[in-house]
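Counting convention: from 1, in listed order, for ligands and their atoms alike.
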Amino acid sequence: MLHPSHSFKQTWELILILVTTYASVEVPLRLVMGYPAEGWILYVDFLVITVFAVDIIVNFRTAILVDGRLVSDPRTVALKYLRGWFLIDFLAAVPFDLILIHSIGQPEADLARLISPTLLRALRMLRLIRLLRLVRLAQLLHRLGHRDLLNPAIMRLIFFGFWVSLIGHWVGCGWVAIGGVPDAPDGLTAYVRGIYWAFTTLTTVGYGDITPHTIHQTVYAIITMIVGAGMYGYIIGNVAHLLANIDVAKAHFRQKMENVNAFLRYRHIPGELQERIRNYYNYLWESRLGYDEFSFLKDLPRSLQMEVALSLNKDILERMPILKGAPPGLVREIVLNLTPQVFTPGDTIFHYGDPGREMYMISQGTVEVLGKSREHIATLADGQFFGEVALLFHAPRNATVKAIDYCDIYSLDRQTFEEILNRYPQFAESVREMAESRKGQVRSAD
Ligand code: CMP
């Protein structure tokens, strides 16, 4: 049995989309233009039918998701398929028109002379059964939209254009079929005029140069106008929304900045502080497109949190010398409990003498360690940590730490830090060694 996300199945779905699109364009076109199925058109027809038939086999051989669980038992899959889409797929795969026309035993071009035009038309209409596949096309396009191929908003715009063109094509073909373009010299002109009528009517432009003459045409025009009015409203609303959201991250960030600016004005925050706040958001935008990793992770179940956190923080952990060769369990535990924080240049992360509630790991950026009388003690950068001394020795902070440039820092709270040290004595030993030597340096500086 095939897995639903197997690469073959994905390619197969693309082929199906192409073939179904071809069928939904060509079937009504041949009906109104009346050309016979000969030469390459006949071969393509066979190809379409073969693809639809093979798809029935593929469906019998593909595992399905039932209530979120993967079912690969062939009997259950077959039963589900037989009760669901099978009939539609089967009807679309049988070439009723070809069987009937060829069972008469004459080339299609000669049939016009043998049987009445109405009967010939009815035979050709049998091909419309193939359009049943369109129900499946909507489903396939929906699935394609969920694949990470393009920006989802652009993908939706493309689908939108696709459906609008297809609807225009059908409405135009229908108009020609009911004799809406009586004076056209040939099939192609009739088709182009039909499409022109369809789009002027659907988009509510309505030039009025092609008008209904019979009662059928009038009813058809009324229905098209009603469909067009609905479609037009839908298009305007959706396209505006899609265009505004092509860049989801940017739209989200713009909204956030509008709220921030409104708040800053409302509370009369001093100009210099406003500037720093804006700089902070600009940095968030440049470094992570304004996304907040923490709240994103919080929404996920714990098992997924772990995997996402590991993939997000892999870089910083690989860069930390203290974690070189650490057991995977330790790394996992640290990763899961890290809280990302951003500091802008000049921010004080904590002051000398503050109580210690967390330790910090620098993912990116530089901080300065300042002694009691603000003398320079050390500069720490990517992959280094600080704030461990107060936690280890249950003492107040023995130095002030300030951000020199924009810093991406991850903090680990006291309780988790202590639990980890208890569980991993070797790691505790290296942290303690480092803390002892730093404490010694601060003392000798005093
Ligand atoms: P803590 O005392 O919690 O807060 C201040 C931090 O500065 C301290 O932990 C250390 O992590 C860090 N620190 C102190 N002295 C030094 C030093 N000499 N070199 C590097 N970091 C230091």
Within the 4.0 Å heavy-atom shell around [X], which atoms of ligand 1 are there?
X: F386; result: 11 (O)
X: A378; result: 19 (N), 20 (C)
X: F350; result: 4 (O), 5 (C)
X: I377; result: 17 (C), 18 (N)
X: A399; result: 5 (C)

Legend entry - V389, portion touching ligand 1 at heavy-atom distance under 4.0 Å: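 Looking at V389 and ligand 1, atoms from backbone and side chain both fall under 4.0 Å.
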Exercise. Of the side chain and backbone of V369, name the one, both, or neither that has a heavy atom under 4.0 Å from an atom of ligand 1.
Key: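 It is the side chain that gets close, since no backbone atom is under 4.0 Å.
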Above 12 or not: heavy atoms from other molecules or residues under 6.0 Å from CD of E418?
->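 Result for CD/E418: enclosed.
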Indicate yes or no: does an N/O atom of A390 lie under 3.5 Å from an N/O atom of ligand 1?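 By distance alone, the answer is yes.
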Compute the shortest N/O to N/O distance between G387 and ligand 1 and return yes if it is under 3.5 Å, no if not.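 N/O-N/O distance below 3.5 Å exists for this pair.
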field: cation_pi(K256, Y281) dist<6.0 Å, angle<=45
entry: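 No; the conditions do not both hold, so K256 does not lie above the ring face of Y281.
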Can R397 be said to sit on top of Y352's aromatic six-ring, NZ or CZ under 6.0 Å from centre and within 45° of the ring axis?
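Pair R397/Y352 does not count as cation-pi.
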Can you find a pair of side-chain heavy atoms, one from D89 and one from F52, that are under 4.5 Å apart?
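Sidechains of F52 and D89: no contact.
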(Q) Determine whether L412 and F385 satisfy the following criterion, side-chain contact (heavy atoms from CB on, under 4.5 Å), listing intermediate values before the conclusion. (A) CA-CA 10 Å; L412 193 66; F385 63 89; over 6 Å; no
Notebook entry, point to check: So, D45 and R130, do they make that salt bridge, N to O below 4.0 Å?
Noted result: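 A salt bridge links D45 with R130.
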Fill in: Note: R414-E358 ion pair, threshold 4.0 Å (strictly below)
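Answer for the salt bridge query: no.
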- Considering E388, M434, Q384, which one's heavy-atom position lies nearest to atom 11 (O) of ligand 1?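 Heavy atom nearest to atom 11 (O) of ligand 1 belongs to E388.
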**Prompt:** Going through the checks in order, is the ring-ring contact (aromatic ring centres under 6.0 Å, His included) test met by Y280 and Y406?
**Reply:** CA-CA 8 Å; Y280 161 75; Y406 284 102; 8.5 Å; no
Any non-hydrogen atom of F385 lying under 4.0 Å from ligand 1?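 F385: no contact with ligand 1 (<4.0 Å).
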